[in-house]
Amino acid sequence: MIKNRCFARASLAQKEGDVIRFSAKPKNEPHSLARAKRARDAKNAFRLCPSLIHKYTNYLQYHKLYSMSELTAKFTPADIENKWYAHWEGKGYFHNTPDEREPFSIVIPPPNVTGVLHMGHMLNNTIQDALIRKARLDGKNAVWIPGTDHASIATEAKVVKMLRERGIKKSDLTRDEFLAYAWEWKEEYGGKILQQLRKLGASCDWERTAFTMDPNYSKDVIKVFVDLYNKGKLYRDYRMVNWDCEAKTVLSNEEVIHGEEQAQLFYTKYFLEGSDTDLSRDEREGVTIATQRPETIMADVAVAVHPKDPRYAHLVGKKVIVPLVNRAVPIIFDDYVDIDFGTGALKITPAHDPNDYELGKKYGLEVIDLLNEDGSLNENCGLPDLVGKDRFAARKMMKKLLEESGNLVKLEDYKTNIGRSERTNTVVEPRMSLQWYVDMKQLAGPALEGVESDDIEFFPKQFKSTYRHWMGNIRDWCISRQLWWGHRIPAYYYTSPPTPKGGDVTTTMTTSALDTAAVVISPPLGAGGLGLFVAETAEEALVLAQAKFPDDIITIDDLKQDEDVLDTWASSWLWPISTLNGFENSADFNYYYPTSVLVTGWDIIFLWVARMAMAGYEWKNERPFKSVYFTGMVRDKQGRKMSKSLGNSPDALGLIEEFGADGVRFGVLSSSPAGGDLKFDDKLCEQGRNFSNKMWNALRLLNNWEIDATKAQPIDNQLAIKWFENKMSATITDIENDFKQFRLSEGLIKLYSFIWDDFCSWYLEMIKPDYQQPIDKATLQATTNLFQKLMVMLHPFMPFVTEEIYYQLNQLEAAKLGRRGATKDCIVENYPKAKRIDNQLVSHVETVKDIVSKIREVRNSKGIKMKELLTVNLQNTEGGNALLETAGVREMIVKMANLDAFTTTSEDVNNSIAFISGTLKCYVLLNETINVEEEREKMLKELVHQQGFLKSVDAKLNNERFVANAKPEVVAAEQKKRADALARIGILEESLAKMPSNSVENTKNTEGGALAENTANFKIGESLPATLQLQELLNSLEPDRIERTESTTDMDKFSEIICAVPTELNEIACVRVQ
RNA sequence: GGGUGGUUAGCUCAGUUGGUUCAGAGCGUCUGUUUUACACACAGAGGGUCAGGGGUUCGAAUCCCUUACCGCCCACCA
């Protein structure tokens, strides 16, 4: 039974011609197979790449012999994540209350209560969690307040849909009945996302979970509304608004998403009044306009042209007939019209276009509103057939009607920007409506100043200008919504005193009347301005009403509350204040406010961030957060925004399952510098998972070591430990800086490479005892300490795996080092502090690493196996001696490069390969004859490079202005470079001089060539393997799973060919798993 | 139209206050690996005129101007 996953997943193959083809590469396929696939792509399959087959065979062998039974070598995150999360939460690590420590607080951008975790949340919340965990490790009083937003439109739309599926219409319900359903829905499905955040490892203070419709929160929202009204920063007005016909509510500008869409322009001719009806359409006099919304034609009250347009100059004072309804309307001349667009003539429909409305006002035109609130046409359209029809249905019918009436000139495809509702995705219609507005100009000042002066600091900075631009051109904020789910507007209308009856907004009226519409027109609710009272409760409103109308006997039943609710953002803008009970000046508020940082996407900078800033300054006279970290937008590989409708959003929880929460956290963090967009690729999560596995295996290594308490600590181990401690100090300093500037991705990458390269690849190899030898106590102790420190450093980014390894290291210490007593959990450890760095020691070990690398390079190029002992000599120089004087250096080089000796020599060593590290020269002694010419060329090349380098350095140092202007340390660095370059050049020249100039004939290894020749003979064959390797492979399979083919055509029946290997007969045997 | 960001390796992106042993990382590619922690690995290699042009400077991927493409935000012409 073959357990290896890669093996089991090996490709399907199909035969084509005489070439075996692998099918699409399955995930996690070994590289060898990927190469096979490429070979296939090159249409050469195995015939041209025998080494590939060899390689794959080799890979399989390796697995069979060494890996197949050791599945534990893989780290499985799922096993530990739930365990640790429950542990942390149970211990109360996430919860904090005010104390004497330094506070660090974050409020979560509240996701919609009905939302599910998507990539944006993952990015956003991983960043917040990393910041919170770092603060916690730094010993701060860290609080992260979670919660959800009631999201009025989005939630109401979902509830309506749910009810519809149950056969219930919203219109059949009373407000209270509907709200009961909505709350029921919220209790059942709401907050799911908060559970999902736990999977990600978010260490929120769940005891503080808030909801924007909690009783306390609602109270604040209402209080704020009343306060704004009383301060004169809130008003009601009748204006053209963005209307969502599906949700039947107004939308703010920020809630309308514009996008380019395909539309049709209807070229429609409006005939001149009195023109000859006997003439054909083209002959008859008139004006042709172009419109994309022909269904609004019936509401036209004028046609406009440019005053300087010669085509229409003769029409001054004339009228045209609106098609279908045959109403005569004036032609007006206004330079608003663009002569070059369309026909240069424009129909004026004040009720259904903001610009037309303005023109209508200017010329005192009638307003005919022919749309109902659901987007269907009403009686004002004047055509019975169209009444009740949806605007899009009507549009289609208009085509026919206009054709029949002979007004339609032509149709033209046209790309235009269409506004759609952010929440319901319906096309937004401009519509006249009476709504509540916040006077933003009064609020924007302090909020703008706060960001300008960096009282609130933006990361990255460039969002300041976006913010400035918007705040400078701010428009009033429409905060009423015609919905039920939300905070009901605390405005009460007293209807008793007879008010002038204005009629419904959908009736025909003139613009002169409209100017005072708020007062004279009976709005959908209540009595308009006269009997309007804004108060936190009906009782308070009653008091106001009684005071205003002392002659009336008014009871609470005479007051009618506004039916509308507030825009969701009119509650979430209080989030940092209300979640801390700021309006009651609570201890929490005084301690945690202003919050430390807000982490959010830049897409809601206006919807939310700016408004929170306004609210903070307005009611608390204080910024709501010290910094704002704008994350990038997560996009798919094609750069598109992740969205449900595109279906391109990866399943967040699925990703966690596949790569582990830590893997996903790594993935989203590692390439997400602030503000930049992140094209999401799950390869990054894979990298994160691999990283976890790497550390897990480092732990396994330590676990496997036996301890020998009597063994003295080797000198090179001491050096390794000192070196690593120094490097760690440097890394700590770097990471601290990165956190300060919110450069989390950089911090993570640094740690990644520090742990993977410095710790695993170098440090552990340095201290690793010889095979089956025990390790000394001091080294193991130091190593577990260092490892644990690394885990603490990495913990903010990858909490689960670090906690687990940290714990395992404690266990290891207890078992092998006899350590007693309780130890902290990683999550509440103290973040390591940087110590003074011994630069000389570090640079010596870096030289060691360089020498070792170069020796490996020599091994690689000469095909010398790692196992083979080598002798390397170091040229006797001052620098070389200084290096060797450092205790442990010699031993370290000997061990890491697998040498039998590393000694100094004063003479050139014959029959060796020389290399230069820094200013040191080493000789690798070889038994075989050296290709002198090759070495000479290498050295010459290096010499040229060094000379060029020296020249550029000299050019600077000889430049007086450089020496005069550059910083002293830069000049010193250049001088050092110069000295080093000179030293290297000296070494090279000396070596070259001593080299015999005649080259020795190179005896090249011809193995590769031979192999290549064999390949031409490869063909698909039937014989069973004769090689030992293949035999072993086959032995690993159960006999009934092996089939033998007799001819190439038999290959067809192989549905799963897992490998094809060359036999001694230069044929290919194929093996498949049934 | 008004803002604003970008263009660096095949791909995705780093590159802090300008300083040639910094042009980097990951992935991908290529070569090698029975190397006892890890093939989710190890040891290496190749690959970029830092979009084009001009300027400032002793010195430019980095600062300025300009051109060409992308992108986003805001406002919008029926």
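- What you find for A:Val668 and A:Leu123 is that their closest heavy atoms are O-CD1, 3.5 Å.
- A donor-acceptor pair under 3.5 Å is formed between the side chain of A:Lys895 and the backbone N or O of A:Met766.
- One atom, CD1 of A:Ile749, and another, P of B:A14, lie 11 Å apart when rounded to the nearest Å.
- B:G15 and B:U8: their P atoms are spaced 14 Å apart (whole Å).
- For A:Lys768, the side-chain atoms get nearest to B:A37 when compared with the rest of B:C76, B:A37, B:A78.
- Side-chain polar atoms of A:Thr783 and A:Tyr763 form a donor-acceptor pair below 3.5 angstrom.
- Using atom C1' as the reference point in both B:C11 and B:U29, the two lie 11 Å apart (nearest Å).
- Side-chain contact check for A:Ser692 and A:Asp662: no donor-acceptor pair (N or O, by modelled atom type) lies under 3.5 Å.
- Of the candidates B:C76, B:A43, B:C38, the closest approach to any side-chain atom of A:Asn693 belongs to B:C38.
- A gap of 40 Å separates the P atoms of B:G47 and B:U4, to the nearest Å.
- The phosphate of B:C40 has neither OP1 nor OP2 within less than 4.0 Å of any side-chain N or O from A:Asn697.
- Remark: A:Tyr467 is not in phosphate contact with B:C73, judged by side-chain N or O atoms under 4.0 Å from OP1 or OP2.
- Listed nucleotides B:C40, B:G44, B:G28 differ in distance to A:Lys683; the shortest reach to its side chain belongs to B:G28.
- Here the separation of B:A14 from B:U35, taken at their P atoms, is 41 Å to the nearest Å.
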Audit row: A:Lys849, A:Glu846, salt bridge (charged side-chain N to carboxylate O under 4.0 Å, His left out) steps and yes/no: CA-CA 5 Å; A:Lys849 284 167 63 183; A:Glu846 295 304 323; 3.2 Å; yes
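- In this structure, CE of A:Met896 is placed 13 Å from C1' of B:U35, rounded to the nearest angstrom.
- Between B:A75, B:A37, B:G15, one nucleotide has an atom nearer to the side chain of A:Arg475 than all others, and that is B:A75.
- Here A:Tyr336 lies in heavy-atom contact (under 4.0 Å) with sugar-phosphate atoms only.
- Nucleotide B:A41 forms a pair with B:U33, judged by Watson-Crick or G-U wobble geometry with both contacts under 3.5 Å.
- Of the candidates B:A37, B:C72, B:A78, the closest approach to any side-chain atom of A:Thr291 belongs to B:A78.
- Nucleotide B:C27 forms a pair with B:G10, judged by Watson-Crick or G-U wobble geometry with both contacts under 3.5 Å.
- Among the protein residues, A:Thr416 comes within range of the sugar-phosphate backbone only, with heavy atoms under 4.0 Å from sugar or phosphate atoms but none that close to a base.
- Spacing of P atoms, B:U49 relative to B:G10, comes out at 9 Å, to the nearest Å.
- One C1' atom belongs to B:G48, the other to B:A61, and the distance between them is 11 Å to the nearest Å.
- Applying the 4.0 Å criterion to OP1 and OP2 of B:G44, one finds that A:Ser853 has a side-chain N or O inside that range.
- Within 4.0 Å of A:Trp756, counting heavy atoms only, lie sugar-phosphate atoms of the nucleic acid but no base atom.
- For A:Asn417, the listed nucleotide lying nearest its side chain is B:A75; candidates were B:U16, B:A37, B:A75.
- Counting only heavy atoms from C-beta on, A:Val337 has its side chain closest to B:A78 among B:A41, B:A75, B:A78.
- A salt bridge does not link A:Glu254 with A:Arg475: every distance from a Lys NZ or Arg NE/NH1/NH2 to an Asp or Glu carboxylate oxygen is 4.0 Å or more.
- The interatomic distance linking A:Trp762 (CH2) with B:C42 (C1') rounds to 12 Å, in whole Å.
- One interatomic measurement links the two molecules: CD of A:Glu765 to P of B:A43, which rounds to 8 Å at whole-angstrom precision.
- At whole-Å resolution of the value, CZ in A:Arg468 and P in B:U4 are 9 Å apart.
- Contact check, A:Arg856 against B:U35: no side-chain N or O comes under 4.0 Å of OP1 or OP2.
- Evaluation of atom-type donor-acceptor distances gives a pair under 3.5 Å for the side chain of A:Arg689 against the base of B:C40.
- Both A:Lys750 and A:Asp980 lie close to RNA chain B; mapped to their nearest nucleotides by heavy-atom distance, the more 5′-ward contact belongs to A:Lys750.
- Among the nucleotides B:A75, B:A37, B:C74, the one closest to the side chain of A:Leu764 is B:A37.
- Within the shown strands, nothing qualifies as a pairing partner of B:U16 under the Watson-Crick or G-U definition with both distances less than 3.5 Å.
- Distance CG (A:Leu684) to C1' (B:C13): 9 Å, rounded to an integer number of Å.
- Nucleotides B:C73 and B:C27, compared at atom C1', are 32 Å apart to the nearest Å.
- For A:Tyr467 and A:Phe463, the gap between ring centers reaches or exceeds 6.0 Å.
- Not one side-chain nitrogen or oxygen of A:Ser753 sits closer than 4.0 Å to the OP1 or OP2 atom of B:A25.
- Between A:Phe75 and A:Trp696, the ring planes are tilted. Angles from 30° to 60° get that label.
- What separates CD1 of A:Ile257 from C1' of B:C72 is a distance of 13 Å, to the nearest Å.
- When Watson-Crick and G-U wobble pairs are counted only if both distances are under 3.5 Å, B:U62 pairs with no nucleotide at all.
- For B:C42, the OP1/OP2 oxygens have a side-chain nitrogen or oxygen of A:Lys694 closer than 4.0 Å.
- Annotation: of the two residues near RNA chain B, A:Trp705 and A:Ser761, the 5′-most nearest-nucleotide partner is A:Trp705.
- Nearest to the side-chain atoms of A:Asn690 among the listed nucleotides B:G15, B:C40, B:A37 stands B:C40.
- Among the heavy atoms of the strands lying under 4.0 Å from A:Leu346 is at least one base atom, whether or not backbone atoms are also near.
- Inspection of the A:Lys347 and A:Thr268 side chains reveals no N or O donor paired with an N or O acceptor under 3.5 Å.
- Closest to the A:Tyr752 side chain, of the nucleotides B:U35, B:G26, B:G44, is B:G26.
- Comparing the C1' positions of B:G52 and B:C13 gives an interatomic distance of 23 Å, to the nearest angstrom.
- As rounded to whole Å, 15 Å separates atom P of B:C73 from atom CD of A:Gln462.
- Remark: B:G1 base-pairs with B:C74; criterion is Watson-Crick or G-U wobble with both hydrogen-bond distances under 3.5 Å.
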